[in-house]
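First the structure, in the form of structure tokens, and then the observations on it.
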Amino acid sequence: MSQFPPTPDSDPNADLDPASALINLLNDAQREAVCAPLGNRLILAGAGSGKTRVLIYRMAWLMQIERISPYSMLAVTFTNKAANEMRARLMKLLRTAENSGQPRISAYDLWVGTFHGLAHRLLRQHWQEAGLLENFQIIDSEDQSRIVRKVMKALELDEKNWPPKQAQWFINQCKDEARRPHDLDNYDDVFERTMKQVYKNYQETCERNGLVDFAELLLRVHELWVQNPHILADYQRRFQHILVDEFQDTNTIQYLWLQQLAGAQAHVFAVGDDDQSIYGWRGAKVTNLHHFQQDFPEVQLTKLEQNYRSTGTILEAANRLIGNNPGRLGKNLWTDGEEGLPISLYRAFNEYDEARFIVERVQSWADEGGSLKECAILYRSNAQSRVLEEALLSARLPYRVYGGLRFFERAEIKDAMAYLQLLANEDNDSAFERVVNTPTRGIGDRTVEIVRQEARRNGISMWRAAGQVIVSGELTTRAANALRKFQEMILQLRENTGSLPLHELTEQVLENSGLRAQLKKKNTEKDQTRLENLDELVNATKHYTDESLDSDGLSPLQTFLSKTVLDTGEESSHSGENGVQLMTLHSAKGLEFPLIFLCGLEEKLFPHSMSLQDENGLEEERRLCYVGITRAMRQLYISYAEVRRLHGQENYTRPSRFIHEIPAELLEEIRLRSSNQAVYQAPKAPAFAMDSGAGKFRVGQRVMHPKFGEGVILNSEGSGATERVEVHFGHQGSKWLVLVYANLQAVE
DNA sequence: TTGTAGCCTTTTTTT
DNA sequence: AAGGCTACAA
């Protein structure tokens, strides 16, 4: 471990003068960046080169040496995780400096946040000038999709010919490029004309209901500033120093935003790595790195190429791989640390075998005293996590899955949240429609449709329309009563909104709405976890008390609603704090682990088939692979499966081209299997979960045979009476056995 | 209006 | 494989 220098953030160089204390442990390039004179600067920082550290030290430098008030600084990141980490590390660094007798400087006034978070804050502040309702709410992409679908239905567009997803994509794309419907051409093309119409209607719906989607947050602020120069001028005057992390991930609107805010005065300190640009699909423009150097005056460039994270072998692999991408800004990572172990390559039969292999290696890592949270399993798509989870589960290894179904995206949570949204704003039609009849209370499609029409006819919200329809006699008395009862329930809850603490209010929502009762009634295993999720939700609300309110006079309820949409819910820390980390390659960016498993390196999965259409897509996949490799500090495993079941379909695969792009001498192929030739034949039938009488045999399972003793299932073929499994029995080698006769026993 | 059985489609990454 | 959606019976 000697190759890794101590992390200096907490290093008590207390008796040095402040400047030396700060820069003492930086290398030359890092020091150049941190101590640079004021001005625009681009830091091209390779993976593991201390990018974040430089950013944090720069902030400390500005405050302590340049005597710049934190009040005039703005630091922007892309994820909340990054923002939180940055703030925490900065505070820690300042605290150490404080001990050395420095005057107290607080980072509390400092704006650190994500683009979206900051935009939200600005819009709350200036909702009037931005043309928003005071109690506007933020919607996530699922909400957005629902609204798009509804809009398209109203336009009588058939979902088959007009996939809503496409429309959603179109809308977001436009917004990312700062285009409103009226900015668009009067298309001749039917498709584009229709999309434009959907966009227009969608936007009107959002305006009416006080809803703001992710892209809208950014666009609104942009427009706010265009239309209100005095507001912009205020912020320009305030934020003289703007620091941007992961600059390669900025999209058009974010770039515009920065340009506006910086004006001619501010100094922008941008940190990025073109080789780690992996969000092109959501509008990020790597070219912003180039533009930055042209659009901003006198940009100085610093390259950070020394890597402190990985072994020489891992870096070499990463460099060679990324070398296949043309048009890079050019960077070559190096380390003066040791070469390290070769990269291990494992060819699995199928995904179960792959998972089995990984779990086995994790197990031996743990047996040798390694900590589980130092292991990460990375995959291309979320769907891959399930098999891995099962394997970990049956090995009784704790784990934690990042992303995937986020807590706040689960149906039962969204239901509960919709009630809260409706309490905060009764005109939120999305929320209204979601919960009028969840749980079912006799308000069917018929009734809802009548309410919807009434709302549309009068240009009012569904909540108000419901009130009118109840008295107008358009409904059967039964429906009217049900609807009235629903409204009374909401109104009664609302009475408590102000007086009760948020968690008690939430508790009441769960009880009075019948959400809990509904789940308790069915009481299957899934419903059990759903109930637990609801409890978890109540728990989460406990942090939102009046005292803890930090944002601009919002009620705890409103604060909670906004936070949960923007926050990915990382902190809803469940079990598995000390477990193996499972995540997609995308969410692994910025993290590092001693032991990394990169799995599913197969053509069409990684690189993903969707990205193979164009050269850009492929290059982005390669960068993604580069990100994955460079996460590893000491040891890297790469695996692929010869057969993989995807979308219920079994596929024969070819190893990813990325494997071939890593020099063979850095790789070491691992063969756990017997010498049996049969292993090279692709199995003819599903090689797992055999459903014969014996029950739960599958690849990787340990079994007991009366004559051969204990072994592991390597493979299987056929089904029913002809189902055979290949079992490896230690020194006796592998044998194909017909399951019906073999009399195998599963071994725990 | 509700609940369910069966048909259908969908397959990447996320603030 | 899994979720969404429709059609149908109660």
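Per chain, numbering begins at 1; letters A, B, ... match sequence-line order. Bear in mind the structure is a predicted one, so any value in this text is a computation, not a measurement.
Going from atom CG of A/D213 over to atom P of B/dT15 covers 15 Å, rounded to whole Å. Distance A/E412 CD to C/dG3 P: 12 Å, rounded to the nearest Å. Separating the CD atom of A/E409 from the C1' atom of B/dT14 is a distance of 9 Å, rounded to the nearest angstrom. Protein atom NZ of A/K563 is 15 Å distant from nucleotide atom C1' of B/dT15, rounded to whole Å. As a whole-Å value, the separation of A/L218 CG from B/dT15 P is 13 Å. Note: CD1 (A/I138) to P (B/dT15) measures 14 Å, nearest angstrom. Separating the CD atom of A/Q518 from the C1' atom of B/dT2 is a distance of 12 Å, rounded to the nearest angstrom. If you take CD1 of A/I139 and C1' of B/dT14, they are 15 Å apart, rounded to a whole angstrom.
When all heavy atoms of A/R631 and A/G590 are compared, the closest pair comes out as NH1-N, 3.2 Å.
A sub-4.0 Å separation between OP1 or OP2 of B/dT1 and a side-chain N or O of A/T440 is absent. The phosphate of B/dT2 has OP1 or OP2 within less than 4.0 Å of a side-chain N or O from A/N437.
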Are any protein N/O atoms closer than 3.5 Å to N/O atoms in nucleotides 7-10 of chain C? If there are, list each pair with its distance.
none

For nucleotides 8-13 of chain B, list the nitrogen or oxygen atoms of the protein found under 3.5 Å from its nitrogen or oxygen atoms, one pair per line.
residue : atom : partner : partner atom : Å
B/dT11  : OP2  : A/K165  : NZ           : 3.1
B/dT11  : O2   : A/H647  : ND1          : 2.4
B/dT12  : O2   : A/R380  : NH1          : 2.8
B/dT12  : O2   : A/R380  : NH2          : 2.1
B/dT13  : OP1  : A/N382  : N            : 2.9
B/dT13  : OP1  : A/N382  : ND2          : 2.9
B/dT13  : O4'  : A/R380  : NH2          : 3.4
B/dT13  : O2   : A/W281  : NE1          : 3.0
B/dT13  : O2   : A/R380  : NH2          : 2.8
B/dT13  : O2   : A/H586  : NE2          : 3.3

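Each of A/D213, A/N251, A/T252 was scored for a side chain to side chain donor-acceptor pair (under 3.5 Å) with A/K175, with one residue passing: A/D213. None of A/H608, A/E621, A/E602 except one satisfies the side chain to side chain donor-acceptor pair (under 3.5 Å) rule with A/R380; the exception is A/E621. Checked options A/D275, A/D249, A/D273; the residue passing with A/K589 is A/D249 (criterion: salt bridge (Lys or Arg N to Asp or Glu O under 4.0 Å)).
Nucleic acid contact for A/R623: none, since no nucleic acid atom lies under 4.0 Å from a heavy atom of the residue.
For the residue pair A/R149/A/S145, the side-chain donor-acceptor check at 3.5 Å is satisfied. In summary, the side chains of A/N651 and A/R644 do not present any donor paired with an acceptor at a separation below 3.5 Å, with no hydrogens or angles considered. Side chain to side chain, A/N533 and A/R530 fail the donor-acceptor criterion of an N or O pair below 3.5 Å. A donor-acceptor pair shorter than 3.5 Å can be found between the side chains of A/Y399 and A/E389.
Residues forming a ring-ring contact (aromatic ring centres under 6.0 Å, His included) with A/W281 (at least two apart in sequence, or on another chain): A/Y279, A/H586. Partners of A/H222 according to the ring-ring contact (aromatic ring centres under 6.0 Å, His included) rule, which considers only residues two or more places apart in sequence or in another chain, do not exist here. Checked against ring-ring contact (aromatic ring centres under 6.0 Å, His included), A/F292 has the following partners two or more places apart in sequence or in another chain: A/F247, A/F296.
With P as the reference atom, B/dT13 and C/dG4 are 16 Å apart, rounded to whole Å.
A/R328 CZ: more than 12 foreign heavy atoms inside a 6.0 Å radius.
Of the residues near DNA chain B, A/F214 and A/R478, the one whose nearest nucleotide (by heavy atom distance) lies more toward the 5' end is A/R478.
At a non-hydrogen distance threshold of 4.0 Å, A/R441, A/G442, A/I443, A/G444, A/R446, A/T447 from residues 441-454 of chain A come into contact with DNA chain B.
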